[in-house]
Asks: 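Just passing along the structure, written as structure tokens.
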Amino acid sequence: MAGTSTDVTTPPGVTFTCGHCGASLGFVGVRTQTCPYCASPNFVERPPGGHQPRPALVVAFTGDAAVARRKLDHWLGSRTWFADARIKRARVEDLRGVYVPAYLYSAVAHTDYTASIGEHYTESETYETTDAEGKKKTETRSVTRTEYRALAGRHVGYVTDVIVSASVGLANAELQAVEPYDLLALRRYTPAVVSGWIAEEFSRDADDCRRASRGEAVDDVGLRLRRFMPGDSHSDLTWRTTVAWESLDPILVPVWVLAVRYRDDRSPLRVVINGQTGAIAGKVPLSWWKVTLGIVVAALLVAAVIFAIAQQGGQPG
Amino acid sequence: MTACTRCETALEDGDLRCAVCAFPAPAVVWSSVARSHAQVLRCGDCGAAVAFSAEAQAPRCGFCGATMAIEQPVDPVETAQLRLPFAVDREAAEAALRGWLGRRGWFAPRALSSEAVLESLTPLSWAAWLVNAEAQVTWAADSDAGARRSSWAPHAGQVSLGFHNIVVPASRGLREAECRLLIPYYELSRVVGVDRALGPGEVGSTIESFDAQRSAARRYVQDSIEATSKRRIEPQIPGRRYRNVHVACLLEHQTTDRIALPAWVLAYRYRGNPYRAIVHGQRPEVVFGKSPSDWTKVGTLVAITALLAAIIALAVLLR
């Protein structure tokens, strides 16, 4: 049906000749490039073990730019009343579908934990009260109290599906805001999946990403531990996690990155959309006069309630 | 078939990662590129450059519309590899149903066994997974052992468990609750290959296909193993009563076989209304299903109970 042609080979570098028309192409920070003369999608193939890791797996885009625009319009239209009203009339200045480099981490996690486990119990207590005739009397009621017991134990499990951005352009926090990706749809990397799209090069050190992944893995263990604790409540949960059998795979994940200009005197708002699931994230600017108005209205309401209660309490019975 | 490097679970064709621990499966073919170079992907039909189409989920030529195949995540619908032969023939199944209808109790219509009309009697080999695995299981729970002011005290522990021939239902034809009633009575040592020819007098049956995709099935199998672990660690919990049992499993060496298990599915009609019953394919005494109730008898009992309650209430009020 189709084939791959190797047109030009050069030593490792950033400039290659377009495989279609021969124009010179600079691959700066990206693995793919569209030729400005013939619009051919070019991509760089490197030998394994080069200075750039070769992506092992990739999650493909599931929608085109029109789908991303619709998601954005819906998102902008559904912002809160406190958002700057101009956001709804914002114009998209730059919309790019990017395969962002990331690392997919998994490990075996052994965790030792200690916690204080709260176990409820009920007991009767007596208290004094006044009856309708103003006489003091003693009554009994049932109260729930909590007894705290120390617990130490172990927790084991696989930590999987931790994704950490390996792009300097897209911070890990931004990627986390649009996660998760459905990793059941992972494909093995082939240039055919990224052809015609921007595929960024790996620009963060693998060791940095491994450390960040471990941090996320330990946080994930913490979440599991909170669900793992027995008792009616718990506190003072501390844990020490040892990870073993770590794997760190270079992968590409699809992201739409948009620059949205809502005011000419402000820098554009950056919005990130998950290219697979459509999850969207961005920091919407607030309108400060609306926020101030909201606070004033809330304060007035509270004052009115207090005044009404005070008036009620002051009336002769 | 290769095994996962980390947990030694068997990997199947098309696996990109281990289904249990997510360790990456080794790639079959890695890049044979010796030096960096720029490439263009070209359409095999017209020679134009092609780009990946998100809509088609494949590289598509913008000129002639041709798409090219790329490695897809393999997620096939699976078929049984093993089957358990029927040990109950058609006559025995029908007799088991008649016997069961005759033992339906006081609320069943008196003429049920004689008037029920058998509409169909179908031998079905229903789909299930047969799972073997080892696991380190850590647990935490409350029990009455060591309790002080509260009736409960927290406990935690760790145990290694082996899971041998755990049957996990994958049937659409039978409900999960029905499968759970059948599972304990199967003699799995008699299992044969699904392609083995029928023996003399052996009942042939419809072998149910696995309706779940492999990826969904694995999650279901793991949930089932976790639920089984929970039951298996209960004897480890000190004390007589327990609650809030939580387990965390580290599965290793998991193998999953697909098996077809025998059952007779009977449809019968009583005074115009349809009912269904299941007879175990190896043990005819295991029969269950729905049967009609005699509403006259139910109404009579309710009336007698109400009358008795009224008499007691009256007696209490008159005291």
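In the text below, chain A, chain B and the rest are named by the order of the sequence lines, each starting its count at 1. Computed from a predicted structure; not experimentally measured.
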Asks: Using modelled atom types and a 3.5 Å cut-off, is there a donor and acceptor pairing between side-chain atoms of N244(B) and backbone atoms of G231(A)?
Replies: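 The answer is yes, because a donor-acceptor pair under 3.5 Å joins these two groups.
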Asks: State, with a plain yes or no, whether a side-chain heavy atom of H120(A) is found less than 4.5 Å away from one of R149(B).
Replies: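 No, every pair of side-chain atoms sits at 4.5 Å or beyond.
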Asks: Which region of C21(B), side chain (C-beta onward) or backbone (N, CA, C, O), has a non-hydrogen atom less than 4.5 Å from a non-hydrogen atom of chain A, or is it both or neither?
Replies: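 Both backbone and side chain.
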Asks: Among V194(A), V156(A), V159(A), T146(A), which residue forms the greatest number of heavy-atom pairs with chain B at distances under 4.5 Å?
Replies: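 The candidate making the most pairs under 4.5 Å is V156(A).
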Asks: Does a side-chain heavy-atom distance below 4.5 Å link H246(B) with M229(A)?
Replies: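 Counting from C-beta outward, H246(B) and M229(A) never come under 4.5 Å.
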Asks: Roughly how far, to the nearest 0.5 Å, is CZ of F23(B) from CD of E246(A)?
Replies: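 The CZ atom of F23(B) is 10.5 Å from CD of E246(A), to the nearest 0.5 Å.
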Asks: Check whether R145(A) gets within reach of chain B through its side chain, its backbone, both or neither, counting any heavy atom under 4.5 Å.
Replies: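 Neither part.
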Asks: Does the R149(A) side chain pair with the main chain of P154(B), one donor and one acceptor, at a distance under 3.5 Å?
Replies: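 No; zero donor-acceptor contacts below 3.5 Å.
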Asks: For chain A, which candidate among Q136(B), R148(B), R6(B) shows the most heavy-atom pairs at distances under 4.5 Å?
Replies: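 Result: the option with the highest number of such pairs is R6(B).
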Asks: Using heavy-atom distances under 4.5 Å, tell me whether A141(B) contacts chain A through its side chain, its backbone, both, or neither.
Replies: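 Only the backbone of A141(B) comes within 4.5 Å of chain A.
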Asks: Considering only heavy atoms from C-beta outward, does the side chain of C7(B) approach that of Y158(A) to under 4.5 Å?
Replies: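 In contact.
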Asks: Please flag which part of E123(A) lies under 4.5 Å from any non-hydrogen atom of chain B: side chain, backbone, both or neither.
Replies: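 When you check distances to chain B, no heavy atom of E123(A) falls under 4.5 Å.
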Asks: Using a strict 4.0 Å threshold on nitrogen-to-oxygen distance, state whether D232(A) and R243(B) make a salt bridge.
Replies: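 Judged by the 4.0 Å cut-off on N to carboxylate O distance, D232(A) and R243(B) do form a salt bridge.
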Asks: Taking side chain as everything from C-beta outward and backbone as N, CA, C, O, which of these in A135(B) sits under 4.5 Å from a heavy atom of chain A? Side chain, backbone, both or neither.
Replies: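 For A135(B), there is no contact with chain A at all, as no heavy atom is under 4.5 Å.
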Asks: Less than 4.5 Å apart, side chain to side chain, heavy atoms only: is that true for E119(A) and S151(B)?
Replies: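 The answer is no; the side chains never approach within 4.5 Å.
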Asks: Which atoms of V247(B) come close to chain A, meaning under 4.5 Å heavy atom to heavy atom: side chain ones, backbone ones, both, or neither?
Replies: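 Only the backbone of V247(B) comes within 4.5 Å of chain A.
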Asks: So for W197(A), is it side chain, backbone, both, or neither that comes closer than 4.5 Å to the heavy atoms of chain B?
Replies: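 For W197(A), side-chain heavy atoms alone lie under 4.5 Å from chain B.
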Asks: In chain order, what residues pass the side chain to side chain contact (heavy atoms under 4.5 Å, CB included) check against R226(A), with sequence neighbours excluded?
Replies: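 L223(A), H234(A), L237(A), W239(A).
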Asks: Select one option (side chain, backbone, both, neither) describing which atoms of Y148(A) are under 4.5 Å from chain B's heavy atoms.
Replies: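 Looking at Y148(A), nothing touches chain B.
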Asks: For chain B, find which of T122(A), V67(A), L183(A) contributes the most heavy-atom pairs closer than 4.5 angstrom.
Replies: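 Looking at each of T122(A), V67(A), L183(A) in turn, L183(A) comes out on top.
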Asks: Taking the side chain as every heavy atom from C-beta outward, state whether D161(A) and R17(B) have any pair of such atoms under 4.5 Å apart.
Replies: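 Yes - at least one pair of side-chain heavy atoms lies under 4.5 Å apart.
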Asks: Please report the closest heavy-atom contact between G157(A) and L250(B), naming both atoms and the distance.
Replies: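 Nearest heavy atoms, G157(A) then L250(B): C-CD1, 3.6 Å.
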Asks: With respect to chain B, which residue among G153(A), S247(A), G196(A), G97(A) yields the maximal number of heavy-atom pairs within a distance under 4.5 Å?
Replies: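 When all of G153(A), S247(A), G196(A), G97(A) are compared, S247(A) has the most.
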Asks: Against chain B, label V108(A) side chain, backbone, both or neither, depending on which of its atoms sit under 4.5 Å from a heavy atom there.
Replies: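 For V108(A), the contact with chain B is made by backbone and side chain together.
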Asks: Report which part of Y105(A) has an atom under 4.5 Å of a heavy atom belonging to chain B: side chain, backbone, both, or neither.
Replies: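 When you check distances to chain B, no heavy atom of Y105(A) falls under 4.5 Å.
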Asks: Answer with side chain, backbone, both or neither: which region of A152(A) has an atom nearer than 4.5 Å to a non-hydrogen atom of chain B?
Replies: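 Contact with chain B is through the backbone of A152(A) alone.
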Asks: Backbone N or O of S150(B) within a donor-acceptor pair of the E147(A) side chain at under 3.5 Å?
Replies: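 Side chain of E147(A) to backbone of S150(B), a donor-acceptor pair under 3.5 Å: yes, one is there.
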Asks: So, do T138(B) and F228(A) sit near enough that their side-chain heavy atoms are less than 4.5 Å apart?
Replies: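 Yes, their side chains come closer than 4.5 Å.
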Asks: Can you tell me how far CH2 of W152(B) sits from CD1 of I117(A), rounded to the nearest 0.5 angstrom?
Replies: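 Between atom CD1 of I117(A) and atom CH2 of W152(B) there are 15.0 Å.
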